> 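Dumping the structure here so I can ask a few things about it.
Predicted model, so just to flag it, every value in this text is computed and none were measured.
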Amino acid sequence: MALDMKYFEEMEAKIPRGEVRTRFAPSPTGYMHVGNLRTALYTWLIARNAGGTFILRIEDTDQGRLVEGATDVIYKTLAECRLNHDEGPDVGGPVAPYIQSERRDTYGKYARLLVEKGCAYYCFCEKSEGEEETFDKTEDPCRSLSLAEAQARVDAGEPYVIRQRIPDEGTTTFHDAVFGDITVENKTLDDQVLIKRDGLPTYNFANVIDDHLMGITHVVRGSEYLSSAPKYNLLYEGFGWEVPTYVHCSPVMRDAHNKMSKRHGDPSYEDLKEQGFLTDAILNYVALLGWSPRGDIAEQEVFSLEELAKAFDLEGMSKSPAIFDIEKLTHFNALYLRAMSPEDFAQAAGPYIRKAVKHEYLSVSEIAALLQARCEKLTDIPEKVSFFQELPVYDAELFTNKKSKTNPEVSKAMLEAAISMLEELPDWTQDAIHDGLVALAERLEVKNATLMWPVRIAAAGQAVTPGGAVEICRILGRDETLRRLRLGLNML
Ligand code: GLU
């Protein structure tokens, strides 16, 4: 059966040209690991930096790995991270469809074209996965079948795969924007399967076809694919297509020896969110895992997405593996929490405060204001503020503090005086409570701390609190403050 060349011409004619086009091509696994998120980010940044187009393509040809709802995770993550795509399954585009399983007819046609060009062949041998890895390609009997012989067997209904025909001799060189020129001996490359027995393409084949047909100019992916790149080059060559710019990203590691892996308990993007990290902080940190700003901004650490899009360049990418450091991410998270407007912070912190503080009269925004400078992760909040809801059971020893010059006796005197003063205070405001307590300390001829310490301990029932005595009393309100101060007094 002759090939329908018109089909290929039409496909060629559809390819957008003359602009930077990048694609994020995840397989729907059900979660977004940190390395994948970084690939998505870099891919998006390269497109945005060049004013180009960012495409989402779903690579679901490995039917065995399909997970229900997994594409939703991809959409949700990209949307949350504001890595908006210009073309993709949900928004369409000039080279649709953008889901590989919906493009399955295409791959067979191109594989057939490659057979015709002598760069691929039908193979009727049955090989186990192990044999596939150890088989010497030159010994495959199907390799030397004439096309007519092979075609006759195909037409007779014999099951087959289509394999790439790698030259026996010589070397193949490819260029990577990060790793430079890499040359390999062709004899080390296997005649990889392009089309499987079930008619579906392998990842390695579908990828090349789609990248070409979608007009992708920069292929950004994990460095685990680096060893396949020579075979991709030979495919491009076989078709007579231009090879895109490869941008392989060094791996994200858990430690010096191990890649991060969900299976080994390393957090995915969703896990990090659940652990209380902000999307913007995650993105900022992840951007710097494998890329560093240069020139005037070499020292800059905090980058908005927009700033990253402006600054990102391939030259700043690193070949060395990056180690994911949760402490460093925590540091970024704290910076982002502090930089929020008080309103935004209160909104983000609100649900976490309300997890611990249920009394409606205790104001979320007032408690949030105490926390903003003292919080590294939103998930730290409930534990820090639960004393507002309920006075913890505490030890009277807390009233003794050397630095503040307090002991049980002093604390007793301080609480008695503070209670009488606070009972009479005309207004329950920050200033009124503050000025009242300071004036009282002066009258009693003690350091402010000597008075504030026992008041804060009695009000909070714990030594470490966000905010000082004045703020805590104000938020608790007069009745609750006096009730707690009297309870403290009774302990002394
Ligand atoms: N589907 C592949 C993955 O999820 C994509 C690799 C590529 O971008 O070429 O790892």
Side-chain angles (χ1 to χ4, degrees), residues 80-82 272-284 302 304-305 329-392 394 418-419 421-423 425-438 448 451-453 455-485 487-488:
E80 228 174 86
C81 295
R82 294 182 294 132
L272 291 173
K273 288 286 296 189
E274 222 160 274
Q275 288 171 22
F277 293 102
L278 301 168
T279 296
D280 287 346
I282 300 174
L283 284 174
N284 194 152
V302 175
S304 68
L305 207 49
L329 172 59
T330 307
H331 159 77
F332 273 95
N333 206 60
L335 292 180
Y336 272 83
L337 288 174
R338 265 154 234 180
M340 286 169 115
S341 71
E343 296 74 29
D344 286 350
F345 179 78
Q347 198 171 10
Y352 294 89
I353 294 174
R354 277 290 176 240
K355 260 188 202 170
V357 182
K358 314 263 183 213
H359 293 313
E360 284 296 329
Y361 72 88
L362 296 167
S363 145
V364 160
S365 58
E366 288 181 6
I367 296 176
L370 289 192
L371 288 167
Q372 188 163 7
R374 301 177 174 89
C375 171
E376 294 190 309
K377 283 189 294 172
L378 295 172
T379 40
D380 297 342
I381 291 177
E383 177 223 354
K384 281 188 198 285
V385 299
S386 61
F387 72 86
F388 279 112
Q389 172 73 14
E390 198 174 343
L391 183 67
Y394 65 100
I419 291 168
M421 185 279 290
L422 292 172
E423 278 173 341
L425 205 62
D427 296 318
W428 199 257
T429 61
Q430 178 81 13
D431 287 347
I433 301 168
H434 174 267
D435 296 350
L437 285 171
V438 170
N448 284 346
L451 177 62
M452 297 293 185
W453 180 272
V455 170
R456 190 174 61 88
I457 294 299
Q462 61 192 42
V464 180
T465 55
V470 176
E471 288 137 316
I472 293 171
C473 293
R474 177 185 41 105
I475 291 171
L476 285 172
R478 191 192 312 256
D479 292 350
E480 181 62 10
T481 299
L482 290 172
R483 188 184 76 84
R484 291 185 180 200
L485 264 45
L487 284 173

> Is any side-chain N of the basic residue among Glu423 and Arg478 closer than 4.0 Å to the acidic one's carboxylate O?
no

> Distance alone, cut at 3.5 Å: any donor-acceptor contact between the side chains of Lys377 and Thr330?
no

> Quick check on side-chain contact (heavy atoms from CB on, under 4.5 Å): which of Lys355, Arg354, Gln389 does Pro382 satisfy it with?
Lys355

> Take Met452 and Val470 through the test side chain to side chain contact (heavy atoms under 4.5 Å, CB included) and record every step on the way to the result.
CA-CA 8 Å; Met452 297 293 185; Val470 176; 4.1 Å; yes

> Should we say atom NE2 of His434 is surrounded by more than 12 heavy atoms from elsewhere, each under 6.0 Å from it?
no

> Got more than 12 heavy atoms from elsewhere within 6.0 Å of CD, Gln430?
yes

> Could you check whether any side-chain heavy atom of Val455 comes within less than 4.5 Å of a side-chain heavy atom of Cys473, counting everything from C-beta outward?
yes

> Taking the basic N atoms (NZ, or NE/NH1/NH2) and the acidic carboxylate oxygens, is any pair closer than 4.0 Å for Asp380 and Arg374?
no

> Checking side chain to side chain contact (heavy atoms under 4.5 Å, CB included) for the pair Leu371/Leu337: CA distance, chi angles, key distance, verdict?
CA-CA 10 Å; Leu371 288 167; Leu337 288 174; over 6 Å; no

> Can you find a heavy atom in the side chain of Asn448 that is under 4.5 Å from one in the side chain of Leu437?
no

> What are the two closest heavy atoms between Pro466 and Val385, and how far apart are they?
CG-CG1, 4.5 Å

> Should Glu471 and Arg474 count as an ion pair when the cut-off is N to O under 4.0 Å?
no

